[in-house]
Amino acid sequence: VQLAESGGGSVETGGSLRLSCVVSPGMDKKRCLGWFRQAPGKEREAVATIRYDSDAYYAYHSPSVNGRFTVSQDNDKNTAYLQMSNLQSEDAAMYYCASSPLRGGSCSILPRAYNYWGQGTQVTVSS
């Protein structure tokens with residue numbers, strides 16, 4: 001399984017970006033796809049997760065981004081997205097997408113639960 005992020009860049013406070021994560025074809029669709037971020041000197045944290053199960057998508061957004069970020073997935077394109085709006089300085093970080101097996105019917109927000117990672121894409125927010 002390979003994942004590749006794109007869409008990062010530099011925006012002003014209040015701006016928007018859409019990150020994409022292309023997943024290699026053939027990956028089991030019953031997996032969790034997570035978006036994580038890591039700022040310098042800080043631990044990697046979950047931003048959002050999404051899973052596809054029984055013909056429905058189930059998404060989670062961390063409280064710090066809920067209402068501003070939206071995770072989505074297009075299985076036909078093997079691509080997941082993270083739409084980010086009203087970006088703030090605290091959102092600046094390296095953003096990663098990652099994949100994990102679906103266990104217990106829900107997706108973990110712990111990085112150690114994810115066994116496949118992309119290379120990351122940088123998001124910079126300036127005032």
Can you see which heavy atom on Tyr58 is nearest to which on Asp53, and at what distance? CE1-O, 3.5 Å
Heavy-atom closest pair, residues Glu5 and Cys97: OE2-N, 2.8 Å
Other than Phe36, what residues sit in its cluster of Ile, Leu, Val, Met, Phe, Trp and Tyr side chains whose heavy atoms are under 4.5 Å apart, directly or through others? Met94, Tyr96, Tyr114, Trp117
Excluding sequence neighbours, so at least two apart, what forms ring pair (Phe, Tyr, Trp, His ring centres under 6.0 Å) with Tyr95? none
Pairs of donor and acceptor atoms involving the side chains of residues 99-106, under 3.5 Å and at least two apart or interchain, shall be tabulated with distances.
{"unit_1": "Ser99", "atom_1": "OG", "unit_2": "Arg31", "atom_2": "NE", "d": "2.6"}
{"unit_1": "Ser99", "atom_1": "OG", "unit_2": "Arg31", "atom_2": "NH2", "d": "3.2"}

Taking C-beta and beyond as the side chain, do [X] and [Y] meet within less than 4.5 Å on heavy atoms?
{"X": "Trp35", "Y": "Val71", "answer": "yes"}
{"X": "Lys42", "Y": "Pro40", "answer": "no"}
{"X": "His61", "Y": "Thr49", "answer": "no"}
{"X": "Arg68", "Y": "Gln88", "answer": "yes"}

Is there a path of hydrophobic side-chain contacts, each under 4.5 Å between heavy atoms, that joins Tyr116 and Val47? yes
Could you state whether Leu87 and Leu82 fall into the same hydrophobic cluster, counting links through intermediate Ile, Leu, Val, Met, Phe, Trp or Tyr residues with side-chain heavy atoms under 4.5 angstrom apart? yes
Tell me, please, which residues at least two apart from Asn75 pass side chain to side chain contact (heavy atoms under 4.5 Å, CB included). Lys29, Tyr52, Tyr57, Gln73
Could you measure the distance from the [atom1] atom of [X] to the [atom2] atom of [Y]? Nearest 0.5 Å is fine.
{"X": "Cys107", "Y": "Tyr60", "atom1": "SG", "atom2": "OH", "result": "11.5 Å"}
{"X": "Thr70", "Y": "Met84", "atom1": "OG1", "atom2": "CE", "result": "11.0 Å"}
{"X": "Ser72", "Y": "Leu33", "atom1": "OG", "atom2": "CG", "result": "10.0 Å"}

Tell me whether the count of non-hydrogen atoms from other residues, nucleotides or ligands lying under 6.0 Å of CD in Glu43 goes above 12. no
Return the set of residues passing side-chain hydrogen bond (donor to acceptor under 3.5 Å, both in side chains) with Gln38 (not counting sequence neighbours), or none when no residue passes. Arg44
If you look only at distance, which donor and acceptor atoms sit under 3.5 Å apart when one is on a side chain in residues 6-27 and the other is two or more places apart or in another chain?
{"unit_1": "Thr13", "atom_1": "OG1", "unit_2": "Ser126", "atom_2": "O", "d": "3.3"}
{"unit_1": "Ser24", "atom_1": "OG", "unit_2": "Gln2", "atom_2": "N", "d": "2.9"}

If you apply the rule side-chain contact (heavy atoms from CB on, under 4.5 Å), what do you find for Arg37 with Ser64, and how did you get there? CA-CA 12 Å; Arg37 66 186 181 188; Ser64 63; 3.5 Å; yes
